[in-house]
There are 2 protein chains.
Amino acid sequence: MIGSARDRVLRAALDLFGEHGVSGTSLQMIADELGVTKAAVYHQFPTKDEIVLAVIDPALARLEPIAEAAERRRTPAARRRVVLAGVVDMVVEYRRLSRVLSFDPVVSRLVRQHPAMTTVNRLVTLLTGTDPDGATRVDVAMVAGGLVLAGTENALTDLDDETLRRHLLTTAARTLRVRLSDG
Amino acid sequence: MIGSARDRVLRAALDLFGEHGVSGTSLQMIADELGVTKAAVYHQFPTKDEIVLAVIDPALARLEPIAEAAERRRTPAARRRVVLAGVVDMVVEYRRLSRVLSFDPVVSRLVRQHPAMTTVNRLVTLLTGTDPDGATRVDVAMVAGGLVLAGTENALTDLDDETLRRHLLTTAARTLRVRLSDG
DNA sequence: GTCTATAAGGGGATAGAC
DNA sequence: GTCTATCCCCTTATAGAC
């Protein structure tokens with residue numbers, strides 16, 4: 001075991017959340033995984049919600065720099081490329097987490113209330129432009145859903161990160177009709 | 001209230017599962033929604049799992065006819081068109097259900113053990129052909145994930161079923177490079 | 001940092017009356 | 001079909017010793 005007791009809790013939680021979902025993971029399971037008691041876990045975090053937030057925060061924190069980098073570009077096409085590449089990287093890096101992050105009702109509540117949601121909306125606007133039509137909104141929803149699910153799909157675990165990243169980027173760009181090469 | 005007591009339970013369960021997830025929905029919540037007690041619900045179904053199965057069965061039952069219709073077509077292109085159209089129809093019809101059906105750890109377990117999984121595999125093979133490469137498998141995973149998520153996306157609830165169906169079909173076909181018109 | 005012990009509540013499920 | 005009452009288990013969370 002490397003890292004502080006706090007880090008050990010977070011690593012165990014990430015593993016268990018990925019396998020059983022947040023609602024399906026009790027503090028007892030986290031404690032058992034570490035070989036300690038529930039009270040020891042409570043010494044590190046005051047509530048279960050705090051553990052969930054600490055697990056998902058690093059992933060959500062990746063979004064803000066993507067939005068800033070995209071907004072520094074001048075053309076809408078370049079902005080779309082930056083958003084797409086950044087989000088794909090993030091999804092691959094947090095493969096195991098994304099399924100849990102998007103669907104568990106507990107996390108859904110925590111994410112809805114999270115400040116990072118404004119960044120998510122900025123990223124969507126960077127992809128769609130303002131006042132998108134129905135077809136464009138469906139395109140973006142398909143890509144968002146596809147990235148999350150494909151990132152966690154068991155059938156794709158044999159692909160290494162770099163291969164998965166490349167395929168996801170190509171497919172997402174085709175769906176959104178974004179050219180990946182500039183000019 | 002129209003329908004048998006059993007039907008009322010299933011309708012209430014569908015609503016609550018869609019909103020809170022299966023793990024987040026207790027028998028007490030279902031009973032409260034109907035204005036009865038838990039024991040009355042248990043009179044209709046022996047276990048909670050049985051309720052979940054009864055809710056998802058109609059959606060899973062839609063898959064088999066799609067596979068059969070597709071297999072009656074002679075060209076791979078025609079088969080892909082039939083699978084795509086059928087699955088999109090099913091996703092739209094069961095909009096609220098699909099999120100729950102795909103991600104809740106409880107349902108995930110029930111679906112994995114369900115006989116309809118062999119049909120799912122047949123549909124995937126109809127789309128990809130046998131022995132697909134990594135890029136093709138990512139394409140299919142993206143479309144599957146995108147359909148499920150877009151179908152349940154709150155931001156798209158303003159679209160009526162027919163509009164949503166049309167956009168989903170167009171976008172999914174583009175992602176998979178399937179031509180929707182034959183010939 | 002970790003322990004034992006316990007509180008307080010909700011979960012699924014059952015027994016038996018009406 | 002529905003009720004009351006209950007069982008047993010697991011959950012989050014707290015108190016206080018070491």
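Computed from a predicted model, the values in this text were never measured in an experiment. Each chain gets a letter, A, B and so on, in the order the sequences are listed, and its residues count up from 1.
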Checklist entry - Has Arg73(B) got more than 12 heavy atoms of other residues, nucleotides or ligands less than 6.0 Å from its CZ? => result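 For Arg73(B), atom CZ is not crowded (no more than 12 foreign heavy atoms under 6.0 Å).
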Checklist entry - Has Arg8(A) got a side-chain N or O lying under 4.0 Å from the OP1 or OP2 atom of dT2(C)? => result yes
Checklist entry - How far does CD of Glu153(B) sit from CZ of Arg137(A), to the nearest 0.5 angstrom? => result 9.5 Å
Next on the checklist: Working to the nearest 0.5 angstrom, can you tell me the gap between Asp161(A) CG and Asp89(A) CG?
Outcome noted: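 Result: 10.0 Å between the selected atoms.
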Rounded to whole angstrom units, what separation is found between the [atom1] atom of [X] and the [atom2] atom of [N]?
X	N	atom1	atom2	value
Asp32(B)	dG10(C)	CG	P	12 Å
Phe45(B)	dT14(C)	CZ	C1'	18 Å
Asp7(B)	dG1(D)	CG	P	10 Å
His43(B)	dC18(C)	NE2	C1'	13 Å

Checklist entry - Are Leu168(A) and Val82(A) joined in one hydrophobic group, where the rule is that I, L, V, M, F, W and Y side chains link up if heavy atoms are under 4.5 Å apart? => result no
Checklist entry - Tell me, for nucleotides 9-16 of chain D in 5' to 3' order, what letter each nucleotide earns: B for a base near a protein heavy atom under 4.0 Å, S for only sugar-phosphate near one, - for neither? => result --SBBBB-
Checklist entry - Per the side-chain contact (heavy atoms from CB on, under 4.5 Å) rule, which among Thr128(B), Val83(B), Val143(B), Thr136(B) passes with Leu176(B)? => result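 The residue from Thr128(B), Val83(B), Val143(B), Thr136(B) that satisfies side-chain contact (heavy atoms from CB on, under 4.5 Å) with Leu176(B) turns out to be Val143(B).
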Next on the checklist: Considering only residues two or more places apart or on different chains, which pairs with a residue in residues 115-133 of chain A satisfy salt bridge (Lys or Arg N to Asp or Glu O under 4.0 Å)?
Outcome noted: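 For residues 115-133 of chain A: Glu64(A)-Arg122(A), Glu71(A)-Arg122(A).
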Next on the checklist: Counting only side-chain heavy atoms from C-beta out, which of dC3(C), dG1(D), dC3(D) sits nearest to Val36(B)?
Outcome noted: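 Within the option list, the nearest is dC3(D).
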Next on the checklist: Closest approach to the side chain of Thr37(B), judged atom by atom: which nucleotide of dT2(D), dC3(C), dC3(D) is it?
Outcome noted: dC3(D)
